[in-house]
K.L.:
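Structure below; questions to follow.
No hydrogens, no waters, no symmetry mates; every other heavy atom, side chains included, goes into these values. Just so it is clear: chains get the letters A, B, ... in the order the sequence lines come, proteins before strands, and each one is counted from 1.
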4 protein chains.
Amino acid sequence: MSIVDELESEVRSYCRAWPTTFQEAQGAVLTDISGKEYTDFFSGAGTLNYGHNNELLKKPLIDYLTSNGVTHGLDMTTAAKTEFLEVFRSRILAPRGLPYKVQFPGPTGTNAVEAALKLVRKVSGRPNVVAFTNAFHGMSLGSLALTGNEDKRAGAGVPLGHVLRVPYDGFAEGVDGLALLDRTLSDGGGGCDRPGAVVVETVQGEGGVNVARVEWLRELSDLCRRHELLLVVDDIQMGCGRTGAFFSFEEAGIVPDVVCLSKSISGYGLPMALVLLRPELDVWRPGEHNGTFRGNNLAFVTGAAALREYWSDSTLEKSTGDLAEEVHERLTGLAASLRTEVSVRGRGLVQGLRFAHAPTAAAVGRRAFELGLLVETSGPRDEVLKLLPPLTIPPATLDAGLATLERAVRELA
Amino acid sequence: MSIVDELESEVRSYCRAWPTTFQEAQGAVLTDISGKEYTDFFSGAGTLNYGHNNELLKKPLIDYLTSNGVTHGLDMTTAAKTEFLEVFRSRILAPRGLPYKVQFPGPTGTNAVEAALKLVRKVSGRPNVVAFTNAFHGMSLGSLALTGNEDKRAGAGVPLGHVLRVPYDGFAEGVDGLALLDRTLSDGGGGCDRPGAVVVETVQGEGGVNVARVEWLRELSDLCRRHELLLVVDDIQMGCGRTGAFFSFEEAGIVPDVVCLSKSISGYGLPMALVLLRPELDVWRPGEHNGTFRGNNLAFVTGAAALREYWSDSTLEKSTGDLAEEVHERLTGLAASLRTEVSVRGRGLVQGLRFAHAPTAAAVGRRAFELGLLVETSGPRDEVLKLLPPLTIPPATLDAGLATLERAVRELA
Amino acid sequence: MSIVDELESEVRSYCRAWPTTFQEAQGAVLTDISGKEYTDFFSGAGTLNYGHNNELLKKPLIDYLTSNGVTHGLDMTTAAKTEFLEVFRSRILAPRGLPYKVQFPGPTGTNAVEAALKLVRKVSGRPNVVAFTNAFHGMSLGSLALTGNEDKRAGAGVPLGHVLRVPYDGFAEGVDGLALLDRTLSDGGGGCDRPGAVVVETVQGEGGVNVARVEWLRELSDLCRRHELLLVVDDIQMGCGRTGAFFSFEEAGIVPDVVCLSKSISGYGLPMALVLLRPELDVWRPGEHNGTFRGNNLAFVTGAAALREYWSDSTLEKSTGDLAEEVHERLTGLAASLRTEVSVRGRGLVQGLRFAHAPTAAAVGRRAFELGLLVETSGPRDEVLKLLPPLTIPPATLDAGLATLERAVRELA
Amino acid sequence: MSIVDELESEVRSYCRAWPTTFQEAQGAVLTDISGKEYTDFFSGAGTLNYGHNNELLKKPLIDYLTSNGVTHGLDMTTAAKTEFLEVFRSRILAPRGLPYKVQFPGPTGTNAVEAALKLVRKVSGRPNVVAFTNAFHGMSLGSLALTGNEDKRAGAGVPLGHVLRVPYDGFAEGVDGLALLDRTLSDGGGGCDRPGAVVVETVQGEGGVNVARVEWLRELSDLCRRHELLLVVDDIQMGCGRTGAFFSFEEAGIVPDVVCLSKSISGYGLPMALVLLRPELDVWRPGEHNGTFRGNNLAFVTGAAALREYWSDSTLEKSTGDLAEEVHERLTGLAASLRTEVSVRGRGLVQGLRFAHAPTAAAVGRRAFELGLLVETSGPRDEVLKLLPPLTIPPATLDAGLATLERAVRELA
């Protein structure tokens, strides 16, 4: 019996699906203590878009540590933070003409959502916010109230309120979610406390790789303007290039009022999160939202390096598009060749295989692990195999991983 | 105008009180970009109990990075996590006979509290929890509901419920908080939904360095047993040796059902948090609470090193006691020598100077900064100067810092 | 300036629309202090289905008072209550094979709904209940949470929760409300705390005379069975014969788990309310819901008389059908003859004229008042003229009232 | 098995304690169907301050019915309402110099409290209100949130929030409730959403006949002024002369901002309720709170008659004082003569006997019933026998009732 089994709480989860002890990692490959290698189609749930221990980021990190750079800074001004802000402005905001101010909340996605919620509630004066079916925004009580998954919600132990739930694009046949929202807000008898904001993911990763059409996103943006709702995009998993462009909403040509980033923003797996907000929304009082680790300066160092290395031109965006196309084609071909009902869904380098027979998805995941591939499931019944390879995965590694996946699927579906 | 002023949200706070750009830090000293040095009586709000860039921790950290150790692991089993658990058991749990299981929530204090709340609500089947006046437990909605500060609460933008508020030791004259709680729970007409747990800090750091007497803590523990309430100690700021012993509740001889740790647990300012829970409370379903950065392996590496270096014997605990005594004496002498009303409060190496004229505290903080000393204020009106030097501060540095503080106080109070 | 204008709160409403002082009333006619008569198409908002001061009920009432019968009895057993229960069983429950037990809540509709909510929450163990857009269930906080109207909800001053709002039959184009509910409950990611019950009106009177199709009601009943939801019909305004049968749900052939009655149950305008519940749901503890006026014995006396007089055979039900047909035809003809867009809606003797140009409805109501007819508006924008004549209105009086209405409409629409 | 046992819900309560069928009632005496008479020390839980079927009120009631006066009027202006308002102003408001406007909510106490809560929340803009331990304000969700009794609260099936609970005068030793409230509101770290109002009973009837000292009431009133809290007195059970003066707060010399009345305001046991509010608080929109039975005109008729008959001079107030003195003396003598611990509490004609051994109270109540006396219990453990005789009880009847009570107590305590 390992010390993890003995000492760690029953809440642990990934270590159950992938029962080994990992030791090293480089790029798209993890190695366990026995020396076995695993191709990574998981990327730390979207945190490692540039792969593990990326050399281009590792060097500045070690240099910073060696020079006794400030490690922990809360929101004191540090050289590392200043540098990060400069690079974020020059590589991300300025080229896209985005007007945002930057908030550093606690270094987790859920904390970014908590901060965004406080802000839009303060600005609008309305506690209620719109969230969508199968949304995932985090596990602390504010963000969990927006999350759709029934089991995760039940963990709260308290009723979760102040949310108007609206069907996401494609949720239910015969139900146009945005038509319902529009009518609810127009009718006067819709029966909700009037919301002040909408929080949306452009692709619902945890929810089952549900992709909102760009027209739907545009209509949502228009609806927000018509009804004076602030639009918040939770780009925690889909941002930082996952769908191609740096922000996942760029393709739809919309400009949200607030954007949440985390996961791959540090580029190295280090905890960090950002809230971007239109300047006119910046009504925060000093310290009105804070957190001890909001100044993780090591993350600023690797984050700045990642932006410089990968977002100074469009090379990464293009290669993501190319890899995405390959993945999508391979999966589509695979699905078409199966006897059982499997469908493909995704945008950019988040692609899903949805199994009509839900348990197959997890079985394939387990088999893939045996064969040396890490890939996780998502969706309300864990019925979708979700592929999140590093954006920087070498084509040969990607091919090999897909071949492994195809084998596992063919064995079981 | 700096890029911070220009681009960072108005929510920023510490950078306003300490208007410079910090670059390097070592032990108890920070250096800004102009080369000016600052003695640190702040320790990252209690996160840097072993000082900045502690050499004993830095080396294993750089070695780990260099060897491509897994950086980001969610709750996959990694060699670094296994090692941390071994050391935590051998250095902390076993010597104290503590039976706890260990949960890794998201790597922030507030997330540890959110996890603890979910757990006690699930175990007890009761949404309501007891929290105290002037408590601080974090800023996400679950933990914020427990937090006492009116301004911070107002930031929520939604009503904060499911909390039974009880006066902390010494809160109001003529009011015995535990007698009130006892009666409320006994009477049948107390008018609260019956709570399932109590969450308490042994010393309220953010609340103004309010120290609960050990007899009060014991009475609270007894009351919890009598009324079948789970006892949760939030040891995020006061644990990891701040009051002397590793856990701040050891002095009272009580054993909480659940303990929250964060801040100094990684020892290096890296984001990390733990929830300790009695094994019989471990009713979590896998993944019922989770978070992307709950496997910050760099923090495991430095955390294990810190426990090995500082908690294999009682050296640190003893030296903390010695330093605490000196600080307390110096402050007491200082207070006695002033014309205005100033009182001293604290336990171990968290000591506070409370100014009857509240604005003086912040003024002294500003003057101290000019003189090269970092010290922050706390309390509902920021009326308490809170001293949190690293536990490893060299005596000479401590003396010098105290001298600077005395000078600033004498100039203003 | 009258004493009402001077002393009564600004909350008063009907007295503004109908600015006179009423003195006497008999059948379908009210008389003001100047002797002017008004035909009543309002019936105390559905409370006076048998007309004002119905002679058949007045006599037993005065006899009871004269004999010093117990007037106020809480839930003590009285001869009057016993008698009411006997008659309610023999005339209403037994002939329809309905198994209900009877609860006497406080003597108002809202209190019946509050009681029903407590019960279904207790039985199901689930705080959440389904309610529909444009529902009206009352104005105390429990029932108001179910009510759809935005203005009425805003009066709460606190967020109203624990309700899953679903689009009513016909609420929004492109939105099948029951399909949405079904999917939400099936999907696992629907994002609501799982509800334990559904509360529905078969016709939404206050909501604008929105009529649910009987197939829709049947599908709702089936859905409740599939998802183990308790079905509560709020028959406060539509019961007691308003739509023809005693209960408005009889036409759909469904049997709710809980039924709320009030308004016309006393038959004389005296405050009274009932909750009917399947025996297996009767898990109340004694006194778990109570209220000072739940034993309004005068209402029991007139209520028993009304049931005996009007529900011993099907005469009233048939005549209601005949009158309803006439009203519907007259309104349909009227609407067809107008230049502006007006539509007819209703079932039984609740019929509505919906004006596309909302303010016309109120203008017609004011003009009708001048012409000696009382008729009110409903709907989220007060865009529907709602006709609720007494079921016992003489045909000639009905004709005359309709003629007055036609004149007012023609003048204005 | 009676039809009540068979058909009425398990929620019934008084009929269990007093297992007979009552038929007639006159003054302070009820008669059951067997002809057995019961002296009434219960008065419909304070609804029948002028006794049953009071002849002075019965005549105008029957005259009104006979003349076809409007019975049910919602808030239409009627001759009966106008008359009631005139008398209420001339007999109650004017002589006391009270400036109130009058609101007619639904005809129950709980509805008056719901209305008052909406109003103070709207005026103050604050959802939170202060309520006291062992308060009783009703059973619908808004008023139930203020109610202290644990069992009644549990019936809600949802968490009850937006209330700051404060210890009532004498609730717990070592706890000064108003000092706690004052400090909580002054400190900034009190941990509550700032309340906008206080709701208080001057004597807690249901809570166990807990009497607040007049100095305590005055201090509460002062505290409200200092902290800008609206003061609401729930005078539903204690008003209408129960403690001597018409309003129970007159003795303390305070003038609340809002007053709730119900129970005895109609004087005849007919459902009715009032909210009195300072004119500057009358910010209601028309219809913002309403209810079908808010115009129970029969109650206006008897209510006006009661005010004219009993409140045109101080005769009743004086006789209440005399009777109260007698009751208090008799009970005090009784308590002193017992072997077990029994204490006396009360003000005016609400007097309680508190049994240290709680079950004795109910046993005495049952024995008294056998002996022909109706008296109920109250308090969180039903440990207090609560005497509420009609204010108009003839001295001889009172004496006889007290003798019966003494006998029952002596047999059992």
Side-chain angles (χ1 to χ4, degrees), chain A residues 126-128 130-137 144-154 156 158-168 171-194 204 206-208 210 358 378-383, chain C residues 126-128 130-137 144-154 156 158-168 171-194 204 206-208 210 358 378-383:
Chain A
R126 294 175 175 163
N128 215 8
V130 172
F132 292 93
T133 53
N134 280 305
F136 180 83
H137 299 290
L144 185 54
L146 277 69
T147 292
N149 188 283
E150 212 166 79
D151 287 341
K152 290 185 166 47
R153 294 172 63 80
V158 294
L160 297 168
H162 309 302
V163 170
L164 173 61
R165 185 72 53 186
V166 170
Y168 195 70
F171 176 67
E173 271 190 65
V175 179
D176 178 337
L178 296 187
L180 174 58
L181 177 56
D182 191 49
R183 184 92 185 101
T184 296
L185 297 174
S186 308
D187 183 80
C192 63
D193 296 334
R194 182 158 287 266
Q204 297 182 324
E206 298 303 305
N210 306 314
S378 72
R381 292 174 303 137
D382 281 323
E383 73 276 30
Chain C
R126 295 177 174 161
N128 216 8
V130 173
F132 291 93
T133 52
N134 279 306
F136 181 84
H137 298 291
L144 185 55
L146 277 70
T147 292
N149 188 283
E150 210 165 82
D151 287 340
K152 289 184 167 50
R153 294 173 64 79
V158 294
L160 297 168
H162 309 301
V163 170
L164 173 61
R165 185 72 53 185
V166 170
Y168 195 70
F171 175 67
E173 272 190 68
V175 179
D176 179 338
L178 296 187
L180 174 59
L181 177 57
D182 191 48
R183 183 92 186 102
T184 295
L185 297 174
S186 307
D187 182 81
C192 63
D193 296 336
R194 181 159 286 268
Q204 296 181 322
E206 298 303 306
N210 306 314
S378 73
R381 293 174 301 136
D382 281 324
E383 74 276 30

K.L.:
Report the distance from atom CG of A/L185 to atom CD of C/E150, rounding to the nearest 0.5 Å.
P.N.:
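Between atom CG of A/L185 and atom CD of C/E150 there are 8.0 Å.
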K.L.:
Not counting sequence neighbours, which residues clear side chain to side chain contact (heavy atoms under 4.5 Å, CB included) with C/P159? List them please.
P.N.:
A/H162, A/D193, B/P159, D/H162
K.L.:
Okay, side chain of A/R165, backbone of C/G191: is any donor-acceptor separation there less than 3.5 Å?
P.N.:
yes
K.L.:
Between C/C192, C/G177, C/G207, who has the most heavy-atom pairs with chain A when the cutoff is under 4.5 Å?
P.N.:
C/C192
K.L.:
Given 3.5 Å as the limit, does a donor-acceptor pair link the side chain of C/R183 with the main chain of A/F171, or not?
P.N.:
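Such a contact is found between C/R183 side chain and A/F171 backbone.
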K.L.:
What part of A/Q204 gets within 4.5 angstrom of chain C, counting heavy atoms only: side chain, backbone, both, or neither?
P.N.:
neither
K.L.:
Identify which of A/A172, A/G148, A/A131 forms the greatest number of heavy-atom pairs closer than 4.5 Å to chain C.
P.N.:
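Option with the top pair count is A/G148.
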K.L.:
I need the minimum non-hydrogen distance between C/G188 and A/P380, along with the two atoms involved.
P.N.:
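That closest heavy-atom pairing would be C-CB, 3.8 Å.
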K.L.:
Between C/A154, C/G379, C/G190, which residue shows the highest count of heavy-atom pairs closer than 4.5 Å to chain A?
P.N.:
C/G190
K.L.:
Applying the side-chain contact (heavy atoms from CB on, under 4.5 Å) test to C/P167, which of A/T184, A/V175, A/L180, A/D187 qualifies?
P.N.:
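One option only clears the test, and that one is A/L180.
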